[in-house]
Structures are given as C-alpha cells and as structure tokens.
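To start, the structure under review is shown below, and the notes come after it.
Counting starts at 1 for both ligands and their atoms, following the listed order. None of the values given here were measured: they were computed from a predicted structure.
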Amino acid sequence: MAMLEDRPTRGRGFDSTCPATGEVVGSFPLDGPEQVAAAVARAGEGQRRWAELGFGGRRRALAAYKAMLVRRTDELVALVHRENGKPHADALIEVVLSVEHLDWAARNAARVLGRRRVRSTMLLANHAASVEYQPLGVVGVMGPWNYPVLTPLGSIIYALAAGNAVVFKPSELTPAVGCFLADAFADAVGDPPVFQVVTGDGTTGHALCLAGVDKVAFTGSPATGRKVMVACAERLVPVVLELGGKDAMVVDADADLDAAAEQALWGGMANAGQTCLATERVYVVDEVYERFLARLVERASRVRPGGGPGADFGPITLPRQLEVIRRHLDDALARGARALVGGPDAVRPPYVDPVVLVDVPADALILREETFGPVLPVVRARDAGHAVELANANPYGLGAAVFAGRRADRIARALRSGMTSINSVLTYVGIPSLPYGGVGESGFGSVHGPDGLREFARPKAITRQRFPLPFGMQSFDRPGFVLPAVRQAMRLRHGHAPRTPRR
Ligand code: NAD
C-alpha cells in the first residue's frame, strides 16, 4: 500500500494487524516528541494559509475532500474491515455518515462562525457590536479504534471547517485507516498541509498534548481522558473529551415492542457491542417485560459473529477487551443472573456470541461499567419513572434511547445523557446539525453541529463607536450629573419586580 510505504520510518515502529486473522495490515513509525513537534509546526504553517482561504475557499477544499472520500469509499471500507475487523456494511455506514458531516460542516461554517452584528444596549446605543468565531490554530485529535473513520472525522472535519489545522493521532490499532484519511485529504486538497498524521501509542498521544497545540480533541476511555486532561493542564491547552458510555434504553408500556426488540438488539450488538453509544442496559416496564423479552430472545438467537460476508458482527478488535467481557459475564452469572441467549462460553476469541441476560442485580459490573461486547442485560422496572431512575443511576451519560408512545418526550428529556433517540437507537449521530457529547464520565464539550464548530473556535467580540456622546460614563472628566442620571435610568428600566412571579 503506497500510502503506508511512503511514510519514512523513524525510530521504533509497530504493526497493525487484522483482528480476525492476525495478518499484518501495515507497519508504522512510533512517532516521538520530535516527530510530533515537527508535524505540529508543519500544520501551524499551513494553518495561516488555510485561515486566509476564508469560509468560501475552505468550503471548496472540503468539498473536494468529500468527493475524494466518496470516490475511494470501497478502498476505505475494505481497509476498515481488514484493520478493525468490522463487517463491510458497518464500515460503509461509518463512511456514509462521515460524508454527511463533511458536507454539513463545510456548508454551514460561514453561517455559524462568520461575523454577525448583535444588539447593543440603551446605555451604549452609540456603539455597534459584532461577534465572530476565529480559528484556534492547530488542533490535536486523538481517536479510538472502534469507529476509526466517523469518530476522528467528527472532530477533524469541524476543526478544519472552522479554519484550524489538525494533527491526528489515530489509535495504534487502526493507524492505516488514520493515514488513509490524511492521505486522501492531501490528494484532494494538496496545499496547505493542514491535515497531518502522527502514529504511535499513548506516548505519541501524550507528546501531542505537550507539542504546542491550541486544543486537544480526545475520544477514548475515561481513564485515558483524565491523563490527557492532566497533560494539557500544564500548558492550559483546552480539551474536548468524548469518552465511554453505558447507554440505557427505556421501554414503556405503550411502545412498539417489535421495533424496540429489534433496535435493542442492533444497538447492543452491532459492531460486536464495541460502540461508545451501544445499548448496554435495557429497562423495560413490568407490564410489557415478558413480551419484550420473548421478541428480543427470538431475534438474538439468530444473530451470529464471524469474519465472513454473512456475519452480523465481527471479532473483538482489542484482545484485552475479551477479558473485560468475560469478567462482566462471569460476575453477573455468579450474582444470580440468567442467560436466556448465550452463556458462560460465549467468549470464543476473537469472537463473542450474543448474550441476553436477565435477573441481573443492580450492583453487577455489567450494569455499572462499560462492557464493549455483545452482551445485553434486560432489567424489569415498575414503571417509566422507575426505569428512568435506574437508567440515571450511573456515572456515564453519553446517549440513551426510549421506546414509548405518550410519555416518550418526557422520558427522553428526563434521561441524563447528551443525546437521546425516541423509537430508534443512535439516530442523533446521523443528523449533523445536532451536537454530540456526553456528561459525567462520558466527558464534556461537543462535536458535530453548530456547537461542534464553535468548539474549535474562539469568540471574538468587537464594538465600534458610531458617534460620540457629549457625556459618557467612561471618562475622568464626566460631569457630576452623569452617573445619577444613569442610575435613574437603571431604576426606571430594571427596578420593577414583575407583578405575578414567573414560574
Ligand atoms: P483509549 O482511551 O485506550 O485510547 C484512545 C486514544 O488515546 C488512542 O489513540 C490511544 O493511543 C491514545 N492514548 C492512550 N494513552 C494516552 C495518553 N496517556 N495520552 C494521550 N493519548 C493516549 O480508548 P480506545 O480503547 O482506543 O477506545 C475505546 C474507548 O473509546 C471506549 O471507552 C469508548 O466508549 C470510547 N469512545 C467514545 C466515543 C465518543 O464519541 N464518546 C467514540 C468512540 C469510542
């Protein structure tokens, strides 16, 4: 593969391998502080010219990148399949959604970030006011392996559209995909070199935090997110953290149970459950619990993992995750849970068979910590309020789903999560105008949508005096009556409490 061989080997290197077969996909340098600093410097030089292109020039460049990704989709999908292990269909979904985000960010950056006039106040009515969002400079992006296209591009695209350059460190499990994304940008846009890639493990990521970047966009586990934040604190580098999840689904009494079961299964087991937004807990109200479960079990019994074209999901990409899944499963079974699909032998490296668990006690690991496997615990709740209470009793708060009729909206708003979908799972990822980000252990800050563009920009406020007033507040020479007059004006404008208290 030309793009991999073209990269000079610096210092020690590492291989990425196919999780299904062990075949080597590519060899990459383990970039250290020197190489990372050089990449940041190159990006910084390019950024000045990128910013000068303005919104229109960047929109055209990003449109060229979009067209390049579309033309090379088959190649990218095949590479994701080889390096991450997921089926071609799942890889294709990632690319399709990424292209939608690329299109939206390029087309909307000017509207969201461009200069606009804002209202002044009565006291400063002789001043015009405007706000615009200027680029930060160079953004360091660190990504995980589970969605090696969509997740990093969710930051990279929005950072570029806002006028920044990017230095991207892909996961050490999916460096070939990371290099592909940067190489495709270079092929489509060429100069300026605003999308740089460095490869390596956590040491390379750590070096990127310290390399003089103006912001870090990190996606990964909460444990690593904390380390990134500590490293960035040293130089006051701002961070946006997109971390793990333990997403809940609530199924109310008037839900469409077929749809709920079908989506719980897909949300929990697509990509072998290795999705930050995977449905990892299902809370079903007592009234429909048995009926929902029968539908889920029937469907889950038909789902199969594998490496071939007929497989519903692929292998576990990160070998040590198999131990986590096994531990969560064993812990639940030891505490009295029952497996209605699969069982203790579900973990067959590199695959895990689908598991549906019931009677899981609330303190079981599988209801508290991220499992990242195709294991779905289903919990009985008294009613929708109880289901929400159980769902919210978890430190994570990334996404959530509700299957309900009448109470759907109320439940969706009550769930403690950054995003919630009603009568579907994960839909918010595919709507680029929505923000995406979590609360609690799931991180903070947003990517996607207008908030995602602003995450990679700093607001710049400007006022312009249109005409001078004979007397102003801001002068040592102001006459004695000015402040009493201003005080009186304040009293008249703001001194009256509303007659009926607002609710
Ligand atoms: P991870 O935290 O192990 O690694 C993420 C990235 O950080 C990798 O590129 C890694 O090399 C790098 N890294 C490791 N140590 C570092 C350090 N000290 N300093 C800087 N960088 C360092 O996570 P992972 O196993 O790659 O991904 C799985 C996790 O990511 C799961 O928790 C999943 O839920 C989460 N995730 C979250 C989202 C989201 O949008 N919120 C999306 C995908 C994955």
Side-chain angles (χ1 to χ4, degrees), residues 14 16 19 28 30-31 33 36 83-84 86 94 97-98 101 140-155 158 167-175 177-178 197-211 213 216-234 237 239-247 271-280 316-322 324-325 369-373 395-399 417-419 426 428-429 434-448 452 455:
F14 66 102
S16 80
F28 301 87
L30 187 63
D31 287 330
V36 173
E83 199 175 45
N84 164 287
K86 67 175 69 179
E94 267 200 73
L97 295 183
S98 302
H101 280 283
V141 176
M142 289 162 226
W145 46 265
N146 61 336
Y147 284 82
V149 177
L150 178 61
T151 294
L153 283 183
S155 295
Y158 288 84
V167 178
F168 171 39
K169 194 211 78 70
S171 164
E172 55 272 41
L173 297 186
T174 52
V177 174
V197 70
V198 290
T199 54
D201 57 12
T203 59
T204 311
H206 181 72
L208 185 53
C209 296
L210 303 177
V213 292
V216 163
F218 172 81
T219 308
S221 61
T224 313
R226 284 182 168 83
K227 290 185 198 162
V228 166
M229 206 169 159
V230 168
C232 288
E234 201 164 305
V237 176
V239 290
V240 46
L241 299 180
E242 301 292 348
L243 308 178
K246 189 74 194 169
D247 289 7
N271 202 25
Q274 305 168 109
T275 304
C276 48
L277 298 162
T279 306
E280 292 221 356
I316 299 303
T317 312
L318 182 66
R320 68 169 184 273
Q321 197 66 29
L322 287 159
V324 176
I325 299 167
E369 296 176 7
E370 192 174 42
T371 308
F372 240 49
Y396 286 105
L398 193 55
S417 65
M419 298 79 59
L426 277 83
Y428 36 79
V429 186
L434 285 174
Y436 175 98
V439 299
E441 288 286 303
S442 296
F444 52 78
S446 298
V447 294
H448 301 179
E455 189 74 50

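By the criterion of a heavy-atom distance under 4.0 Å, the side chain of Tyr436, and not its backbone, is placed next to ligand 1. Only the side chain of Met142 comes within contact range of ligand 1, with a heavy atom under 4.0 Å; no backbone atom does. Under 4.0 angstrom from ligand 1, the non-hydrogen atoms of Val228 all belong to its side chain. Contacts between Asn146 and ligand 1 below 4.0 angstrom, taking non-hydrogen atoms only, involve the side chain exclusively.
Remark: minimum distance from atom 36 (N) of ligand 1 to any protein heavy atom is reached at Cys276 CB, 3.5 Å. At the shortest separation from atom 12 (C) of ligand 1 among protein heavy atoms lies Lys169 CE, 4.1 Å. Looking only at protein heavy atoms, the nearest one to atom 22 (C) of ligand 1 is Thr224 CG2, 3.4 Å. Annotation: atom 19 (N) of ligand 1 to nearest protein heavy atom, His206 N, 3.5 Å. Closest protein heavy atom to atom 35 (C) of ligand 1: Gly220 O, 3.3 Å. For atom 34 (O) of ligand 1, the nearest protein heavy atom (residue, atom name, distance) is Glu370 OE2, 2.5 Å. For atom 18 (N) of ligand 1, the nearest protein heavy atom (residue, atom name, distance) is Lys227 CD, 3.8 Å. Among all non-hydrogen protein atoms, the one lying nearest atom 6 (C) of ligand 1 is Gly143 O, 3.5 Å.
Under a cutoff of 6.0 Å and an axis angle of 45°, Lys169 and Phe218 do not form a cation-pi pair.
For the pair Thr317/Thr174, no side-chain contact is recorded, criterion being any heavy-atom separation below 4.5 Å from C-beta on. The closest side-chain heavy-atom distance from His448 to Tyr428 is not below 4.5 Å. You'll find the side chain of Val240 stays beyond 4.5 Å of the side chain of Ser155, heavy atoms only. Looking only at side-chain heavy atoms (C-beta outward), Phe444 and Met229 come within less than 4.5 Å of each other. Taking 4.5 Å as the limit, some side-chain heavy atom of Val447 sits within range of a side-chain heavy atom of Glu242. Contact check for Thr199 versus Thr204: no side-chain heavy atoms found under the 4.5 Å cut-off. Using a 4.5 Å heavy-atom cutoff, the side chains of Gln274 and Leu318 are not in contact.
Using a 4.0 angstrom heavy-atom cutoff, Gly438 does not count as in contact with ligand 1. Ligand 1 has at least one atom lying under 4.0 Å from a heavy atom of Trp145.
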Show your reasoning for whether side chain to side chain contact (heavy atoms under 4.5 Å, CB included) applies to Met142 and Leu208.
-> CA-CA 9 Å; Met142 289 162 226; Leu208 185 53; 4.1 Å; yes
Residues Lys246, Ser442; criterion side chain to side chain donor-acceptor pair (under 3.5 Å); working and verdict = CA-CA 9 Å; Lys246 189 74 194 169; Ser442 296; over 6 Å; no
Hey, mind stepping through Tyr147 and Asn84 against side chain to side chain contact (heavy atoms under 4.5 Å, CB included) and telling me if it holds?
-> CA-CA 8 Å; Tyr147 284 82; Asn84 164 287; over 6 Å; no
Working for side chain to side chain contact (heavy atoms under 4.5 Å, CB included), residues Lys227 and Cys209 = CA-CA 10 Å; Lys227 290 185 198 162; Cys209 296; over 6 Å; no
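Interface of Leu398 with ligand 1, defined as ligand atoms under 4.0 Å from a residue heavy atom, comprises 41 (N). Using a 4.0 Å cut-off to heavy atoms of Gly205, the atoms of ligand 1 that qualify are 19 (N), 20 (C), 21 (N). Less than 4.0 angstrom separates some heavy atom of Leu243 from each of these atoms of ligand 1: 37 (C), 38 (C), 39 (C), 41 (N). Residue contact check: Ser171 has heavy atoms under 4.0 Å from atoms 9 (O) of ligand 1. Each of the following atoms of ligand 1 lies closer than 4.0 Å to a heavy atom of Phe218: 2 (O), 5 (C), 6 (C), 7 (O).
Remark: ligand 1 and Ser221 share an N or O pair separated by less than 3.5 Å (distance only, no angle test). Between Pro144 and ligand 1, not a single N/O pair is under 3.5 Å apart. Residue contacts with ligand 1: Glu172 is placed with a nitrogen or oxygen under 3.5 Å of a nitrogen or oxygen of the ligand (distance criterion only).
Taking only non-hydrogen atoms, the option from Phe168, Phe372, Tyr396 nearest to atom 33 (C) of ligand 1 is Phe372.
Distance check: Leu434 CG to Met419 CE gives 9.5 Å after rounding to the nearest 0.5 Å. In this structure, Glu370 CD and Thr275 OG1 are separated by 9.5 Å, a value rounded to the nearest 0.5 Å.
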